[in-house]
Amino acid sequence: MLITACQNKTSTNSVLKIEMNLSAFGVESDGFPSVKALINLKTDSSSCKKFYYSSEYKDSVYSLSNSEMLQIHDILKNVNIKKLKNKYTVNETDQPRSTIIFYTDIGNVIVDDYGLKGEDPLQELYEIVYKL
């Protein structure tokens, strides 16, 4: 086990689990997948399901590597999750959307990000979890 939970440097709360729903619904490309990910930082485990709206592409399931899990732990050490906005949006249409739930020992933080342009650590998490 890497670490029992991810302790935030700027806060006394710990991120225990992250649920990510990266939706490609409405995006103008059938080859752009949606991803549902569950990252358990307490047990250092993950499950990511990649699926497409077109049957032309095959769905798949994958886990994050130990290195990727360590990256997530490192990223979250430097962020106060409670300071993230609840909603990020762009003025363009047909953009992907993510809903991320950070489960902490003192409550949940839910972030809706239309356009996937939210501030860090969101961008870094997308890069780790989203695999084309």
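The chain is numbered in sequence order, starting from 1.
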**Hphob cluster co-occupancy, Ile110 + Leu41, side-chain heavy atoms under 4.5 angstrom** = no
**Message:** Tell me the closest heavy-atom pair linking Asn78 and Asp74, and the distance in Å.
**Reply:** ND2-O, 3.4 Å
**Where Lys50 and Pro33 come nearest, the two heavy atoms and their spacing** = CG-CB, 3.5 Å
**Prompt:** So, Tyr126 and Ser98: side-chain donor and acceptor under 3.5 Å apart, yes or no?
**Reply:** yes
**Request:** Compare all side-chain heavy atoms of Asp105 with those of Leu16 and state whether any distance is below 4.5 angstrom.
**Result:** yes
**salt bridge (Lys or Arg N to Asp or Glu O under 4.0 Å) contacts in which one or both residues fall within residues 108-123, not counting sequence neighbours** = Arg97-Asp112
**Approximate separation, where rounding is to 0.5 Å, of Thr43 OG1 and Met69 CE** = 7.0 Å
**Asked** Mind checking whether Leu22 and Thr99 have side chains closer than 4.5 Å, heavy atoms only?
**Response** no
**Item:** Under 3.5 Å donor-acceptor, Asn21 side chain and Val35 backbone
**Value:** no
**Message:** Could you measure the distance from the CG atom of Leu38 to the NZ atom of Lys17? Nearest 0.5 Å is fine.
**Reply:** 5.5 Å
**Prompt:** Which heavy-atom pair separates Leu64 from Ile128 by the least distance, and what is that distance?
**Reply:** CD2-O, 3.9 Å
**Request:** Would you name the heavy atoms of Ser46 and Ser63 that are closest together and state the gap between them?
**Result:** O-OG, 3.1 Å
**Asked** Judged by atom type as modelled, is there a donor-acceptor pair below 3.5 Å linking the side chain of Glu92 to the main-chain atoms of Val90?
**Response** no
**Separation between CD1 of Ile100 and CE of Met20, rounded to the nearest 0.5 Å** = 4.0 Å
**Prompt:** Do the side chains of Leu116 and Phe102 join up, straight or via other hydrophobic residues, at under 4.5 Å, putting them in one cluster?
**Reply:** yes
**Message:** Starting from Ile101, can I reach Val129 by hopping between I/L/V/M/F/W/Y residues whose side chains sit under 4.5 Å apart?
**Reply:** no
**Item:** Closest approach of Ala24 to Tyr53 (non-hydrogen atoms, all atoms of both residues)
**Value:** C-CE1, 4.0 Å
**Item:** Proximity of Tyr130 and Phe32 rings by center, below 6.0 Å
**Value:** yes
**Request:** State whether a side-chain donor-acceptor pair under 3.5 Å links Ser67 with Ser65.
**Result:** no
**Prompt:** Minimum heavy-atom separation for Tyr114 to Asp94, with atom names?
**Reply:** OH-N, 3.2 Å
**Side-chain heavy atoms of Tyr103 within contact of Val109, under 4.5 Å** = no
**Item:** Side-chain heavy-atom pair Thr104, Asn108 within 4.5 angstrom cut-off
**Value:** no
**Fill in**
So SG of Cys48 and CD of Glu68: to nearest 0.5 Å the spacing works out to 8.5 Å
**Message:** Nearest 0.5 Å, please: how far is CD in Glu124 from CD1 in Ile75?
**Reply:** 4.0 Å
**Message:** Looking at Glu19 and Ala37, would you say the former's side chain and the latter's main chain have a donor-acceptor pair under 3.5 Å?
**Reply:** no
**Request:** May I have the step-by-step check of side-chain contact (heavy atoms from CB on, under 4.5 Å) for Ile72 and Ile18, ending in yes or no?
**Result:** CA-CA 10 Å; Ile72 292 172; Ile18 304 170; 4.1 Å; yes
**Request:** Give, for atom CD1 of Ile39 and atom CG of Leu125, the distance between the pair rounded to the nearest 0.5 Å.
**Result:** 6.5 Å
**Asked** Should Pro121 and Ile81 count as side-chain neighbours, where that means a heavy-atom distance under 4.5 Å?
**Response** yes
